[in-house]
2 protein chains.
Amino acid sequence: MNYEEAKNKFISTWGSLGTLWGINKAMAQIHALLMISPEPLSMEDIMEQLQISRGNTSMNLRQLMDWGIVFKENKMGERKEYFTSEKDVQELARQIAKERSRRELKPTIKVLNEVSNLQEDGTPETKELIKQTKALHDMADTLDTLMNKVIGHDHNWITKALVKLIK
Amino acid sequence: MNYEEAKNKFISTWGSLGTLWGINKAMAQIHALLMISPEPLSMEDIMEQLQISRGNTSMNLRQLMDWGIVFKENKMGERKEYFTSEKDVQELARQIAKERSRRELKPTIKVLNEVSNLQEDGTPETKELIKQTKALHDMADTLDTLMNKVIGHDHNWITKALVKLIK
DNA sequence: TTTAATTTTCAATATTTTTTGAAAGTTTGA
DNA sequence: TCAAACTTTCAAAAAATATTGAAAATTAAA
């Protein structure tokens, strides 16, 4: 395997993994490309390397910046904008945990809480609905608390904590 | 909020959450419906309650069974097949962890390993590719080990472990 | 067997999501 | 102020994904 093959393999694997996690292919591929690029890249660079349109590149870069895992950079004397990704995988994981908690977990917990507070009326249907949504709520809540713990800690806390747990 | 409202809210929230996790809407809704149903449901029941076609129901039930979170049941004297979901949320979490490890994490780890073993050639591009894929590999591998630890443990281990970590 | 009940399959269709590309917008230097 | 360099927006087109429904397959009782 040479450099080009390895690079393409990484980008396409990361791209299809993205789809599975609710992030679209182009977005995940741009992230992958920036992740392994030693220098910041311009929009032109990205368009060319991934063979995608200007509009697509622009929109997905913005989303990646919204997620807090890609940043704009300006080279002095250049009008063009350049982009880099968060290179530290620990920080990347923290940032992803933070955003997923905010976007998915918290809203779900809210709904589960509302539903599980339904007035009991004695029917088996109502009983089961309350029981199950309570159980899901508790699990989601524990998970969210954990994720926020992770978010609040320093760099190496994640690995340390996981390792501790494994032993 | 009455029973019907609460039920619909739960089913639709669970359904849209599914999409975000790489599971389609119908599949997630069928799971939600079974999750809160005190009795096993037939295909007819599911079709009617969710207003989806027979084919759709059949295919998605199969997928849920492949994930190991929905089961067939036979009522004696009846030819029709009935379905239930795994009702224990701990067991549900374990099963999902197991399948996600198998379907996504392990294949990704394999690719990251291959790519990060690329022959070093001194260029910054190659250096960065190797460095970053190694870092991602290590994190994914730690996570997978953890998930397998979870899978191998008894019911309440998950919560206990998480709680321990939080303190 | 044969028949009726039930489930599965899959090509066609519908829906949703992503991508394009050109026009509009913005920024900066002359 | 103008104009060139660059970015963003968004309607239309393309691609991907999900859904339908009817025919084929399966199952089990008569």
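Only heavy atoms go into these numbers, but all of them, side chains included; no hydrogens, no water, no symmetry mates. Below, read A as the first sequence line, B as the second, and so on, with proteins coming before strands; counting in each chain starts at 1.
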S.K.: Can you tell me which residue pairs pass the salt bridge (Lys or Arg N to Asp or Glu O under 4.0 Å) test with a partner in residues 19-41 of chain A, sequence neighbours excluded?
M.R.: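 Counting only pairs at least two positions apart or across chains, no salt bridge (Lys or Arg N to Asp or Glu O under 4.0 Å) contact touches residues 19-41 of chain A.
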S.K.: Tell me every residue that passes side-chain contact (heavy atoms from CB on, under 4.5 Å) with Ala28(B), counting only those two or more places apart in sequence or in another chain.
M.R.: Ile23(B)
S.K.: Looking at residues at least two apart in the chain, or sitting in another chain, which of them share a side-chain hydrogen bond (donor to acceptor under 3.5 Å, both in side chains) with Glu128(A)?
M.R.: Lys87(B)
S.K.: In the 5'-to-3' direction, what one-character label does each nucleotide of nucleotides 11-24 of chain C receive under the scheme B = base within less than 4.0 Å of a protein heavy atom, S = sugar-phosphate only, - = no such atom?
M.R.: -------SSBB---
S.K.: Nearest whole angstrom, please: distance from the C1' of dA5(C) to the CD of Glu78(B).
M.R.: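 Spelled out: CD on Glu78(B) to C1' on dA5(C) is 12 Å.
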S.K.: Write out all pairs satisfying salt bridge (Lys or Arg N to Asp or Glu O under 4.0 Å) with one or both partners inside residues 49-59 of chain B, taking only residues at least two apart or from two chains.
M.R.: Glu44(B)-Arg54(B)
S.K.: Give me each pair satisfying salt bridge (Lys or Arg N to Asp or Glu O under 4.0 Å) with a member in residues 63-84 of chain A, each pair once, sequence neighbours excluded.
M.R.: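 Only Lys72(A)-Glu81(A) qualify under salt bridge (Lys or Arg N to Asp or Glu O under 4.0 Å).
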S.K.: Calculate the interatomic distance between Lys75(A) atom NZ and dT28(C) atom P; express it in whole Å.
M.R.: 18 Å
S.K.: Check every atom of dT8(C), dT8(D), dT7(D) against the side chain of Ser58(B) and return the nucleotide holding the closest atom.
M.R.: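 The listed nucleotide nearest to Ser58(B)'s side chain is dT8(C).
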S.K.: Using the test side-chain hydrogen bond (donor to acceptor under 3.5 Å, both in side chains), find all partners of Glu86(B) that sit at least two apart in sequence or belong to another chain.
M.R.: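 With neighbours one apart ignored, the set is empty.
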S.K.: At a heavy-atom distance below 4.0 Å, what parts of residues 30-50 of chain A sit against DNA chain C?
M.R.: none
S.K.: On the nucleotide dT7(C), are OP1 or OP2 found under 4.0 Å from the side-chain N or O atoms that Arg62(B) carries?
M.R.: no
S.K.: Are more than 12 heavy atoms, taken from residues, nucleotides or ligands other than Gln119(B), located less than 6.0 Å from that residue's CD atom?
M.R.: no
S.K.: Mind checking side-chain contact (heavy atoms from CB on, under 4.5 Å) for Gln95(A) and listing every partner two or more places apart, or none if nothing turns up?
M.R.: Ile69(A), Glu91(A), Lys98(A), Glu99(A)
S.K.: Give the B/S/- string for nucleotides 24-30 of chain D, one per nucleotide from 5' to 3', where a protein heavy atom under 4.0 Å of the base yields B, of only the sugar-phosphate yields S, and otherwise -.
M.R.: ---BBS-
S.K.: Please enumerate all residues that pass side-chain hydrogen bond (donor to acceptor under 3.5 Å, both in side chains) together with Ser116(B), with sequence neighbours excluded.
M.R.: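 Ser116(B): no side-chain hydrogen bond (donor to acceptor under 3.5 Å, both in side chains) contacts found.
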S.K.: Enumerate the salt bridge (Lys or Arg N to Asp or Glu O under 4.0 Å) contacts for residues 104-113 of chain A, please, sequence neighbours excluded, ordered by first and then second residue.
M.R.: Arg100(A)-Glu104(A), Lys106(A)-Asp144(A), Lys110(A)-Glu114(A)
